[in-house]
Amino acid sequence: MIKFTKEEGMTNQEIAKEFKRIADLLELKGDNPFRIRAYRRAAQNIEALSRDLSEIPEEERRKIPGIGKDLAAKITEYLRDGKIGALEELKGEIPEGLLEVIAIPGVGPRTAKLLNEKLGIGGIDDLEKAVSEGRLLDLPGIREKTVQNILKGIALLRKGRERRPIGKVMPLAEEILESLRSLKGVRKISLAGSLRRWKETIKDIDILATSTDPEGVMERFVNLPSVSEVLRKGPTRSSVIVDGDLQVDLRVVEEKSFGAALQYFTGSKAHNIRLREMAVRKGLKINEYGIFNEESGERIGGEKEEDIYNALGLPWIPPELREDLGEIEAAMKDDLPELIEPADIRGDLHIHSRWSDGSHEIHELVEEAKRNGYEYIAVTDHTKGLGIAGGLTEERLLEQKREIDSLNRKLRGFHVFIGVEVDIRGDGSLDLPEEVLGRLDFVVASIHSGFRQEKGKLTKRVINAIKCPFVDLIAHPTGRLLGEREPYDIDMEAVLEAARNYGKALEINAFPMRLDLNDIYAREAKKRGIPVIITTDSHILEQFRFMKYGVSVARRGWLEKRNVLNTLPLREFRSYIRRRRHAR
DNA sequence: GCCGTTTTCGGCCCGACTGTTTTCAGTCG
């Protein structure tokens with residue numbers, strides 16, 4: 001047997017994809033639904049791993065939730081052969097084109113199977129042809145309305161609504177939320193869904209409300225100026241389109257069910273399934289109206305989210321943790337993290353000024369920082385290698401240092417640390433000599449070019465920077481840009497190890513397109529005791545407000561205040577800097 | 001196919017909505 005080699009790093013995503021495909025094909029086959037769910041659950045848990053499956057010893061893989069004897073063997077098989085026999089067999093039994101048919105919204109496995117068996121349809125093209133020839137109407141249970149829905153579904157699928165970075169969706173959502181909150185008749189109102197869990201990308205906006213006048217609220221909701229299309233409108237649920245192709249769902253429930261509905265519509269699905277399983281074992285039943293005693297039907301609660309969790313013997317779990325990635329187990333042991341809050345942040349340590357490609361003078365950055373309640377910032381402009389960003393030469397940098405020194409003399413209770421974002425060059429060297437870096441307070445290092453180098457070389461560049469005694473922080477360590485650029489092919493396991501060994505901090509870059517480290521690596525950093533710093537990488541003042549997105553990544557990564565260095569008050573952060581400089 | 005403060009076998013979340021039906025299956029979140 002030949003060892004199958006390919007680009008590494010993406011293996012987990014590939015295996016997860018294979019499992020999902022098996023699940024889809026089993027569904028088309030009409031297989032045991034629980035078996036299908038097992039594949040989907042395994043895929044989800046694999047996607048959430050921070051380590052590559054190939055690096056996890058075979059005997060340890062069964063410890064991953066949802067991976068048992070059989071799936072562990074299939075993982076081994078994939079790593080060895082690059083394919084899974086069971087999947088290949090399924091492909092032989094079921095036309096793969098049906099996978100695109102079940103991807104059509106409104107068309108599920110039963111319909112796809114029917115289309116295939118009765119009309120020989122093996123893909124979307126066949127289906128469109130059959131529709132135009134009027135052949136679908138020969139089928140049992142399919143009439144004109146269903147045909148129209150299938151056509152709409154195909155159009156929708158082709159349009160391909162992409163997930164958007166949360167930083168682009170949240171402002172829209174907050175705007176809608178505010179315009180609804182001010183309506184007469186609206187009482188409680190909250191975001192729900194993935195937005196409330198602060199997932200890094202969002203597909204639609206979910207809003208939940210209680211009201212004395214549901215019809216009136218719905219009427220005004222579908223008539224908001226930003227609404228371009230009304231998908232459906234009812235007394236308890238309406239859906240509209242805003243901003244091109246972004247769907248917004250508003251649900252209105254009774255006051256006494258608000259908590260249960262909020263819990264339910266916040267998800268995640270995997271988290272809710274776990275809770276309901278727990279409920280069943282306790283003789284309870286959870287639905288979006290409340291939590292009930294299964295036998296007597298007696299209502300135990302539902303007005304608050306806490307009612308649901310407490311009835312199961314659990315403390316309330318913050319939405320950002322609700323992914324079934326260990327939060328339920330932690331809650332059972334009363335061992336949930338005390339998550340970092342936006343108000344814990346005391347300073348921003350990655351900011352650009354007009355000295356390179358930022359738009360503002362340093363004193364303006366200081367004013368903005370104060371408005372955000374900070375006690376310090378580090379000004380970290382680019383270095384000369386980034387000519388396009390007006391990167392600083394040694395001379396310019398030292399000139400900037402003089403300006404900052406003089407500014408600091410005038411400041412009370414606030415401090416500007418003199419920093420730089422030094423470019424890690426293609427050969428792994430830094431863009432400024434160590435004597436210059438040594439005269440600064442805070443050095444951020446990051447990659448801005450040569451993203452496509454091979455893994456070994458890229459990894460070495462970053463580790464080289466970590467080893468440099470003058471570097472404090474590695475910025476946007478994986479280089480990904482949501483929806484635009486994949487993370488570069490870097491061995492994060494090695495980077496994390498190096499950061500731990502050399503006591504260097506890793507950044508959560510709060511820029512909405514970056515969010516890098518992501519939640520998975522942030523959690524891994526915490527596990528290994530690697531300090532994290534959350535920064536905005538601001539180039540204009542308005543970007544200071546991105547901090548909350550960085551904090552949300554930290555929260556999703558289970559980080560507490562103590563794991564994040566820029567929660568330290570000025571005095572303590574200063575002594576941290578001093579200690580580091582002393583240790584060089 | 002997974003999993004065990006009920007279980008190594010027998011369970012495995014719950015309801016709304018839609019379109020097609022005269023009582024329900026399929027799909028979705």
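Just so we're on the same page: letters track the sequence lines, and every chain starts at 1.
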Ignoring backbone atoms, establish whether A:K285 has a side-chain N or O less than 4.0 Å from OP1 or OP2 of B:dG15.
yes
Give a yes/no on whether any side-chain N or O of A:T236 is located under 4.0 angstrom from OP1 or OP2 of B:dA16.
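A:T236 to B:dA16 OP1/OP2: no side-chain N or O under 4.0 Å.
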Rounded distance in Å - [atom1] ([X]) to [atom2] ([N]):
{"X": "A:R110", "N": "B:dC28", "atom1": "CZ", "atom2": "P", "answer": "14 Å"}
{"X": "A:Q263", "N": "B:dG29", "atom1": "CD", "atom2": "C1'", "answer": "14 Å"}
{"X": "A:N149", "N": "B:dC28", "atom1": "CG", "atom2": "C1'", "answer": "13 Å"}
{"X": "A:I273", "N": "B:dG29", "atom1": "CD1", "atom2": "C1'", "answer": "10 Å"}
{"X": "A:E277", "N": "B:dG11", "atom1": "CD", "atom2": "C1'", "answer": "10 Å"}
{"X": "A:I104", "N": "B:dT27", "atom1": "CD1", "atom2": "C1'", "answer": "13 Å"}
{"X": "A:N272", "N": "B:dC12", "atom1": "CG", "atom2": "C1'", "answer": "16 Å"}
{"X": "A:I142", "N": "B:dT21", "atom1": "CD1", "atom2": "P", "answer": "10 Å"}

Would you measure the distance from the [atom1] atom in [N] across to the matching atom in [M] and give it in whole Å?
{"N": "B:dT18", "M": "B:dT23", "atom1": "P", "answer": "22 Å"}
{"N": "B:dT21", "M": "B:dG29", "atom1": "C1'", "answer": "24 Å"}
{"N": "B:dC17", "M": "B:dC9", "atom1": "C1'", "answer": "36 Å"}
{"N": "B:dT7", "M": "B:dA16", "atom1": "C1'", "answer": "33 Å"}
{"N": "B:dG15", "M": "B:dG10", "atom1": "C1'", "answer": "25 Å"}

Between the base of B:dG29 and the side chain of A:Y264, is there a donor-acceptor distance below 3.5 Å?
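Check passes, donor-acceptor contact within cut-off.
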Polar side-chain contact A:N32-B:dG1 base: donor and acceptor under 3.5 Å:
yes
According to side-chain hydrogen bond (donor to acceptor under 3.5 Å, both in side chains), who are the partners of A:E320, at least two apart in sequence or on a separate chain?
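Result, side-chain hydrogen bond (donor to acceptor under 3.5 Å, both in side chains) vs A:E320: A:R555.
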Got a sec, which residues hit side-chain hydrogen bond (donor to acceptor under 3.5 Å, both in side chains) with A:D213, two or more places apart in sequence or on another chain?
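Residues passing side-chain hydrogen bond (donor to acceptor under 3.5 Å, both in side chains) with A:D213: none at all.
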Expected rows: protein N/O vs nucleotides 3-6 of chain B N/O, under 3.5 Å:
| from | atom 1 | to | atom 2 | distance (Å) |
| --- | --- | --- | --- | --- |
| B:dC3 | OP1 | A:G66 | N | 2.8 |

Answer with base, sugar-phosphate or nothing: what part of the nucleic acid does A:R143 contact at a heavy-atom distance below 4.0 Å?
sugar-phosphate
Describe the nucleic acid contact of A:L139 in one word from base, sugar-phosphate, nothing, applying a heavy-atom distance below 4.0 Å.
nothing
